[in-house]
Student: 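Supplied in structure tokens, the structure appears directly below.
Only this structure's heavy atoms are used, side chains among them; waters, hydrogens and symmetry mates stay out. Throughout, protein chains are lettered first and strands after them, A, B, ... in sequence-line order, and every chain is numbered starting at 1. Small disclaimer: the values here were computed from a predicted structure and weren't measured.
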There are 2 protein chains.
Amino acid sequence: MKTTFGEYIRLLRTEKDLTLTQLAAKLNLDSANLSKIENGIRDFDEKRLPKLANIFGLNLKELGEEYITDQLGKRIYETNCTKQLLKVAEEKAEYRRTLNKNLQTEKAV
Amino acid sequence: MKTTFGEYIRLLRTEKDLTLTQLAAKLNLDSANLSKIENGIRDFDEKRLPKLANIFGLNLKELGEEYITDQLGKRIYETNCTKQLLKVAEEKAEYRRTLNKNLQTEKAV
DNA sequence: ATAAGACTTGTCATTTTTTGACAAATCTAA
DNA sequence: TTAGATTTGTCAAAAAATGACAAGTCTTAT
């Protein structure tokens, strides 16, 4: 997916010929706020992902991955994080994983 | 840097033989909260980075990079983001950059 | 031209999350 | 033991995210 999550929702919505008001209702959401979400002014609330998946018949896991990559991509963009720094960030994530592993085995003892 | 930001602060602090209370005072911060920061229970507040850099004679830009890579690394870890997904996130960041570029040139016209 | 529906924008109250502060507990070394 | 260092728990305050509504613009059909 080469769009923002908001653009993706807009795509799904227009494909099905739904208005903002119609989709917003299905999502228990104000149409004004959905508009902001599609335009990237606000974030889609993670807890509505299951509903979104249902409405459009999408796989929840895949949709969730769209979501987190969008969120991360946004942070990467906002922090002007270069590829080089992103690599460092990835290593730090890896480090946290080993920390957690060690913690688990400690508990086991 | 192959540690969390909290561990890094602890390293800097103990190298200089400072107590939590002493460093916390320099940072305008409660020692109890600094303890939580070093132990990864709370986040270091970004607005204290300049102070932190001064106290330990560090380059602010570099310290800032330590900070954002730690923050991103934490998110990557928390979301169980695989390398593959991280690549997608990076592409999405790239996409946002082009969006922004187009916006700029639009403005110019 | 204008009326209706679709969408956008601005604002503010509410909710949620993060932070600051303090008290009390634990831990460690003299 | 006891003094200092650190950790943990809790709660109020501050900050950020979200929900809701009013009013605006834009488009299209009549």
Student: Please work out if A:Ser35 contacts a base, only the sugar-phosphate, or nothing of the nucleic acid, heavy-atom cut-off 4.0 Å.
Tutor: base
Student: Can you check the A:Ile41 CD1 to D:dA16 P distance for me, whole Å?
Tutor: 19 Å
Student: Could you name each residue pair satisfying ring-ring contact (aromatic ring centres under 6.0 Å, His included) that touches residues 48-92 of chain A, not counting sequence neighbours?
Tutor: A:Phe5-A:Tyr67
Student: May I ask whether B:Tyr8 and B:Ile41 are part of the same hydrophobic cluster, defined by side-chain heavy atoms of I, L, V, M, F, W, Y residues being less than 4.5 angstrom apart, directly or through others?
Tutor: no
Student: Taking CZ from B:Arg10 and C1' from D:dT6, how many angstroms apart are they, rounded to a whole number?
Tutor: 8 Å
Student: Go nucleotide by nucleotide along DNA chain D from the 5' end; which of B:Thr21 and A:Asp43 gets its closest nucleotide reached first?
Tutor: B:Thr21
Student: Does B:Gln22 reach the main-chain N or O of B:Thr19 with its side chain, forming a donor-acceptor pair under 3.5 Å?
Tutor: yes
Student: Quick test of your reading of the model: are B:Lys2 and A:Glu91 salt-bridged, counting only N-O distances below 4.0 Å?
Tutor: no
Student: Quick one: what's the B/S/- string for nucleotides 19-24 of chain D, heavy-atom cutoff under 4.0 Å, read 5' to 3'?
Tutor: BBBB--
Student: For a 4.5 angstrom cut-off between non-hydrogen side-chain atoms, does B:Leu23 reach B:Arg10?
Tutor: no
Student: Linking I/L/V/M/F/W/Y whenever any side-chain heavy atoms sit under 4.5 Å apart, do B:Ile76 and B:Leu85 land together?
Tutor: no
Student: Please give, in whole Å, the distance from D:dT6 C1' to B:Glu38 CD?
Tutor: 10 Å
Student: Can you check whether B:Asn39 has a side-chain N or O nearer than 4.0 Å to OP1 or OP2 of D:dT7?
Tutor: yes
Student: Could you tell me the boundaries of the chain A footprint on DNA chain C, defined by atoms under 4.0 Å from its heavy atoms?
Tutor: C:dA6 to C:dT11
Student: So which heavy atom on A:Leu27 is nearest to which on A:Arg48, and how close?
Tutor: O-NE, 2.8 Å
Student: Taking atom types as modelled and ignoring hydrogens, do the side chains of A:Glu7 and B:Tyr95 form a donor-acceptor contact shorter than 3.5 angstrom?
Tutor: yes
